[in-house]
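Step one of this worksheet: look at the structure below.
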2 protein chains.
Amino acid sequence: MARPSRFDTDQLLDVAVRLAVASGPAGVTMSAVAKEAGAPSGSVYHRFPGRAALLAEVWLRTVERFQEGYFAALESDPDVRRSACAAARHVVAWSRAHPGQAALLLYGAQDFGRADWSEEHRARADRGNDRVRRSLAALAADLGAEGHRATERVSLALVDLPLSLVRRHLRAGDPLPAHAEALAEECALALLGPP
Amino acid sequence: MARPSRFDTDQLLDVAVRLAVASGPAGVTMSAVAKEAGAPSGSVYHRFPGRAALLAEVWLRTVERFQEGYFAALESDPDVRRSACAAARHVVAWSRAHPGQAALLLYGAQDFGRADWSEEHRARADRGNDRVRRSLAALAADLGAEGHRATERVSLALVDLPLSLVRRHLRAGDPLPAHAEALAEECALALLGPP
DNA sequence: ATGATTCTAGAGGGGTCTCTCCAATATTGT
DNA sequence: ACAATATTGGAGAGACCCCTCTAGAATCAT
C-alpha cells in the first residue's frame, strides 16, 4: 500500500540504545540517531514526532522487555520464596543477556525526559510500575509480612539490590561475573528473612 | 591585593548542585550557572577553565563531603558489626540532612562527564574510590569473610543498599521516612549474615 | 497505467551552548 | 597617589541541536 521503509522503528530504537549506552541519555539526539543509522533526519522525524517521543519509546521498550520475564519469574513457583529467588536471578540473567539494554535500566525514566512525555507514554510507564508494585506487595503478603514497610524491604531485595549488583559491574566496565546470579539470590534470601 | 570577588567557587558550586537536582547533570551548563547565580559567563569561566572542570568539582566536592562522615562511621566502633551499622545509617542520615547533594550522589561520575575530566580530577576520584574499597575490604576481613566475593557482599550491604533506599524515595519526590535509618541498618545486618 | 499513500532526502531557520577575548572596575600594597 | 592585580561584565564566533518544510521516490490498489 506504500513505499517500503528503509529505517523501521525498532532499528532506530536499537541505534538509540547504543547511543545511550555510549553517552547517556543526553547523547540520544535526533541528529545522532540519524547519523548513526545512516538516515536523514527527516526519516527519524517521520517515525517519532519529536525527541521526547523517541526517548519515551526507547525507555519503555526496554523496561517492558525486561518486565515481561520478570513477572513470569515472580509467579513461576507455588513456593513464594522460590519465586522470589527466580525474580532476583532474572534481573541479573537478563542483564547478562542484554548488557546494552541493562545499562539503560540503570537510569530512570526522569533521565529520559519523562517530564516532556505525552500523556500516553506516561500512562504506559505508570501501568508497568503499578503492576510491579502490586506483584511485590502480593509477594510480601504471601510471605506473611504485610504493610508498607515489608513491601519496601521486598522491593529492595528483589529489585534494587540485584540492580545494584549489575550497576556495580557495568559501571566499572567489566562483564558480570559468573557467580552474580547466585550472589543476587543469596542476598535476596537474606533480606527476606528466615522462612 | 586585588578586587574582591562577588562570586566565589563554593557559591557557584551550590548553584550547580541546585541545577543538577532540578534537571540532571545535563542541566548544569555554564550559561545556566551564570544566569542562576546572577553572574556574567566571564565570571564562571574565571573560576573554572571549562564545563568539564565545573562538573568535576561539583561531583568531587559532594562525594568528598559525603565520604568524610562515612569513613568516620566505618571506624567508629571496635565492634565491626556496630561500625557497619553506623555506616549504613550514615548513608541515610547524610542524605536526609543534605537532600540536594544526596540527589547528586545517586548519579555516577560518568554522568558528570568523567571522560572529559583532567588527569588531576580523575586521580582525585580514584583516590576516594580506592579508600572506600580498602575500608570495606578491611571490614570484610574483620568479619571473618575474606576474598573478592565477600567484599562485594559487604559493599552491597553498606553502600549500594542504603543508596537504593534513598534513591527509591528521592526519585518518587517524597522525603525519607522516619524509619529509613532503621531499615537500612536491619538490611545491612541481614546481608552481613549471622555473627 | 494512474492515483493514493507512505516514506526518504536534505536544506535551513531559530535557538542554545561553549568558549574566547577585551575593556572596565575595585581593591591592596607601597 | 599610584601601580599591580584579581575580578567583573558582556559581546560575539562557532558549533550543535531541534524541528519544519518541501520535493521527490517507491510501492500498492484499482
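Labels below follow one simple rule: chain letters A, B, ... track the order of the sequence lines, proteins then strands, and each chain is numbered from 1.
- Note on A:L143 and A:L189: separate hydrophobic clusters, where clusters join Ile, Leu, Val, Met, Phe, Trp and Tyr whose side-chain heavy atoms are under 4.5 Å apart, directly or indirectly.
- Contacts of residues 113-120 of chain A with DNA chain C (heavy atom under 4.0 Å): none.
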**Message:** Working note: A:L156 + A:L161, criterion side chain to side chain contact (heavy atoms under 4.5 Å, CB included); need CA distance, chi angles, decisive distance, verdict.
**Reply:** CA-CA 6 Å; A:L156 286 171; A:L161 194 132; 5.8 Å; no
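- In the region residues 43-53 of chain B, proximity to DNA chain C at under 4.0 angstrom, judged on heavy atoms, holds for B:Y45, B:G50, B:R51.
- B:E186 and B:H179 share no donor-acceptor pair across their side chains, judged by distance under 3.5 Å alone.
- Residues passing the salt bridge (Lys or Arg N to Asp or Glu O under 4.0 Å) test with B:R133, sequence neighbours excluded: B:D130.
- Atom NZ of A:K35 and atom P of C:dA9 are 17 Å apart (whole Å).
- A cation-pi geometry, defined here as NZ or CZ lying under 6.0 Å from the six-membered ring centre and within 45° of its normal, does not hold between A:R47 and A:F7.
- Qualifying side chain to side chain donor-acceptor pair (under 3.5 Å) partners for A:R61, counting only residues two or more places apart in sequence or in other chains: A:D10, A:D14.
- Using a 3.5 Å distance cut-off with no hydrogens or angles, the side chains of A:S41 and A:S31 do not pair a donor with an acceptor.
- Taken over five-pair windows at either terminus, the axes of the helix from C:dA1-D:dT30 to C:dT30-D:dA1 are inclined to one another by 10° (rounded to 10 degrees).
- Here the C1' atom of nucleotide C:dG15 and the CE atom of A:M30 are 16 Å apart, to the nearest Å.
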Can you give me the N/O atom pairs linking the protein to nucleotides 11-16 of chain D at distances under 3.5 Å, or say none if there are none?
none

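- We find that A:R149 and A:E152 are not joined by a salt bridge, their nearest charged nitrogen and carboxylate oxygen being 4.0 Å or further apart.
- Between the side chains of A:H121 and A:S118, a donor-acceptor pair is found at a separation under 3.5 Å.
- In this structure, B:P4 and B:V28 both approach DNA chain C, and ranking their closest nucleotides by distance from the 5' end singles out B:V28.
- A salt bridge does not link B:R167 to A:D160: none of the charged side-chain nitrogens sits closer than 4.0 Å to a carboxylate oxygen.
- On a pure distance criterion of 3.5 Å, no polar donor-acceptor pair joins the side chain of A:R6 and the base of C:dT8.
- Set against C:dA26, C:dT6, D:dT8, the side chain of B:P40 has D:dT8 as its closest nucleotide.
- Residues A:D126 and A:R114 are paired through a salt bridge, judged by an N-O separation under 4.0 Å between the basic side chain and the carboxylate.
- The base of D:dT7 sits within donor-acceptor range of the side chain of B:R3, with an N or O pair under 3.5 Å.
- Taking the six-membered ring where the residue is Trp, A:F66 and A:W94 present perpendicular rings, their angle passing 60° and hence far from 30°.
- For D:dC18, the OP1/OP2 oxygens have a side-chain nitrogen or oxygen of A:T29 closer than 4.0 Å.
- Taking a 6.0 Å sphere around CZ of A:R82, one finds it holds 12 or fewer heavy atoms contributed by other residues, nucleotides or ligands.
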